[in-house]
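This report refers to the structure that appears directly beneath it.
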Amino acid sequence: MYGNDFVDPDEPLNAAEGGALDEVLDQATTRGDGGGFDELIAADKRIEPRDAMPDDYRKTLIRQIAQHAHSEIIGMQPEGNWITRAPSLRRKAILMAKVQDEAGHGLYLYSAAETLGVDRAELLDKLHSGRQKYSSIFNYPTLTWADAGAIGWLVDGAAIMNQVPLCRCSYGPYARAMIRVCKEESFHQRQGFDILWTLVRGTERQKAMAQDAANRWWWPSLMMFGPPDTGEAAKSGHTEQSMAWGIKRFSNDDLRQKFIDMTVPQAQKLGLTLPDPDLRWNEERGHWDFGEIDWDEFWRVLRGDGACNQQRIEHRVAAHDNGAWVREAATAYADKQAQKEAVA
Ligand code: BYC
């Protein structure tokens, strides 16, 4: 348990800690005696790389897993921005570990995508040339130290809500990668909450900094779940098909509501106000009602018009170019080892 100096350690802070992950592990489906794709999906079994699968299922997974992997590595940038300015050695060490975890998540996910027959270099090329997306959330700037807290609390909190169900995704390598990712995200959310918990008990300026960060990150965090996909919007995106294939287990709207229901009491505990005047408990629904999300802003950011889109890609491409010698050295070493083994 991390950072349990501010809450009852038995009280779950997020979906992974709420028992959802244990439930997934308990129910981990084992394969039956084969069967075709449709039979495996109908029986809620895993599809493995060796199995035959419809081309569209493969393409959907490559699109989603690649986008997810790209989000993890681009997501290193906003917080990486604060490593050199973290307020203490302890905070710096924790933040470095967190950012390194995100790199690791990217690696698990690129590996999962590669089991579908694509090459990581090709996926990175698509990211760099704007042909594949990464999460909208990482196009917002990190203006103060409190943003490191708000990202951990809200962005990682939203990520866990979305990703715990992906541990039950029908595609085996993706589902298995998500189990470790979710455990690590749980630590990330706690460290974010802990940063804010410290700030809200600090000076008036520190409290104002925490409030300002919550104001700026709340709505973009709700957009992370993706556009509306229930009611009239049910036919518009990928959700219906992805749910039929067991890739997505819940709609974007359901996960968004679960996240809001989980997060409002946490904001109350922090003494922070969420920037939505329409936020109120609906006794009848048993959920928090919330205001209109600015979907124009979401689509604008996706089209490349967010505050940091250009900067994020430029930085990524430069990091990739600067790392060329590492890839060359690793390839040369692997070739040398292979030659030695061939001779032995
Ligand atoms: N940003 O039909 P929909 C993290 C696109 S990293 C950008 O609902 P789908 C972390 C969507 O791609 C968190 N685009 O699509 C890392 C589609 O466009 P295309 C990343 C978005 O795929 C570092 C269109 O909108 N998590 O946790 O069924 C530090 C229609 O959407 C977004 C994942 O990637 C968005 N937010 O569902 C801290 C989780 N939302 O592709 C934290 C895995 C939607 O047709 N991914 N779009 O051109 C998923 O669960 C699903 O892909 C989504 C979208 C729920 C995101």
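Ligands are counted one by one from 1 in listed order, and the atoms in each one are counted from 1 as well.
Protein heavy atoms all stay at least 4.0 Å away from atom 53 (C) of ligand 1.
With hydrogens and angles left out, the side-chain atoms of R285 and Q257 include a donor and acceptor closer than 3.5 Å. Judged by distance alone, the side chains of S129 and R131 do bring a donor and an acceptor atom under 3.5 Å apart. With hydrogens and angles left out, the side-chain atoms of E314 and Q310 include a donor and acceptor closer than 3.5 Å. Between the side chains of H70 and Q67, not a single donor N or O lies within less than 3.5 Å of an accepting N or O. In summary, the side chains of H188 and E102 do present a donor paired with an acceptor at a separation below 3.5 Å, with no hydrogens or angles considered. Remark: the Q77 side chain and the N81 side chain contain no N/O donor-acceptor pair separated by less than 3.5 Å.
Residue contacts with ligand 1: Q163 is included, with a non-hydrogen atom under 4.0 Å away. Residue contacts with ligand 1 do not include H188, since none of its heavy atoms lies under 4.0 Å from the ligand. For the ligand labelled ligand 1, residue D229 lies outside the 4.0 Å heavy-atom shell.
The protein heavy atom nearest to atom 8 (O) of ligand 1 is N252 ND2, 2.7 Å. In terms of protein heavy-atom proximity, atom 5 (C) of ligand 1 is closest to L302 CD2, 4.1 Å. In terms of protein heavy-atom proximity, atom 24 (C) of ligand 1 is nearest to W299 CH2, 4.3 Å. Atom 41 (O) of ligand 1 has as its closest protein heavy atom R63 NH1, 3.0 Å. Of the protein's non-hydrogen atoms, F138 CZ, 3.5 Å is the one closest to atom 10 (C) of ligand 1. Protein heavy atom nearest atom 28 (O) of ligand 1, with residue, atom name and distance: K248 NZ, 2.7 Å. The protein non-hydrogen atom at the shortest distance from atom 50 (O) of ligand 1 is N162 ND2, 3.0 Å. The nearest heavy-atom contact from the protein to atom 12 (O) of ligand 1 is Q67 OE1, 3.0 Å.
A salt bridge links R256 with D253: at least one charged nitrogen is closer than 4.0 Å to a carboxylate oxygen. Residues D51 and R46 are not paired through a salt bridge, judged by the lack of any N-O separation under 4.0 Å between the basic side chain and the carboxylate. Using a cutoff of 4.0 Å between basic side-chain nitrogens and carboxylate oxygens, R216 and D212 are scored as salt-bridged. Salt-bridge check for D254 with K258: failed, with every basic side-chain N at 4.0 Å or more from each acidic carboxylate O.
Contact annotation for I151 and ligand 1: no heavy atom of the residue comes within less than 4.0 Å of the ligand. With a 4.0 Å heavy-atom cut-off, ligand 1 is reached by the side chain of F298 but not by its N, CA, C or O. Only the side chain of Q64 comes within contact range of ligand 1, with a heavy atom under 4.0 Å; no backbone atom does. Only the side chain of Y174 comes within contact range of ligand 1, with a heavy atom under 4.0 Å; no backbone atom does.
Residue S71 approaches ligand 1 through these ligand atoms, each under 4.0 Å from one of its heavy atoms: 6 (S), 16 (C), 20 (C). Listed by number with element, the atoms of ligand 1 under 4.0 Å from a non-hydrogen atom of D156 are 38 (C), 42 (C). Listed by number with element, the atoms of ligand 1 under 4.0 Å from a non-hydrogen atom of M223 are 36 (N). Applying the 4.0 Å criterion to heavy atoms of F225 picks out, from ligand 1, the atoms 55 (C). Every atom of ligand 1 is numbered from 1 in the order shown, and the set under 4.0 Å from a heavy atom of Y134 is 1 (N), 7 (C). Counting atoms of ligand 1 from 1 in the listed order, those under 4.0 Å from a heavy atom of E185 are 27 (O).
For the residues G237, P227, G226, the heavy atom positioned nearest atom 31 (O) of ligand 1 is part of P227. Here atom 56 (C) of ligand 1 lies nearest to M224 when heavy atoms of M224, H105, K133 are compared. If you check each of E240, H238, E79 against atom 3 (P) of ligand 1, the one with the closest non-hydrogen atom is H238.
Checked by atom type and distance alone, the side chain of R190 never pairs as donor or acceptor with a backbone atom of E185 at under 3.5 Å. A donor-acceptor contact shorter than 3.5 Å links the side chain of E39 to the backbone of G36.
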* Begin with the C-alpha distance, continue with both residues' side-chain angles, and end with the deciding distance and a verdict on side-chain hydrogen bond (donor to acceptor under 3.5 Å, both in side chains) for Y108 and R180. => CA-CA 9 Å; Y108 315 150; R180 180 157 173 189; 2.9 Å; yes
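The OG1 atom of T239 sits 11.0 Å away from the CD1 atom of I247 when rounded to the nearest 0.5 Å.
For H315, the NE2 atom is loosely surrounded, since the number of other residues' heavy atoms within 6.0 Å does not exceed 12.
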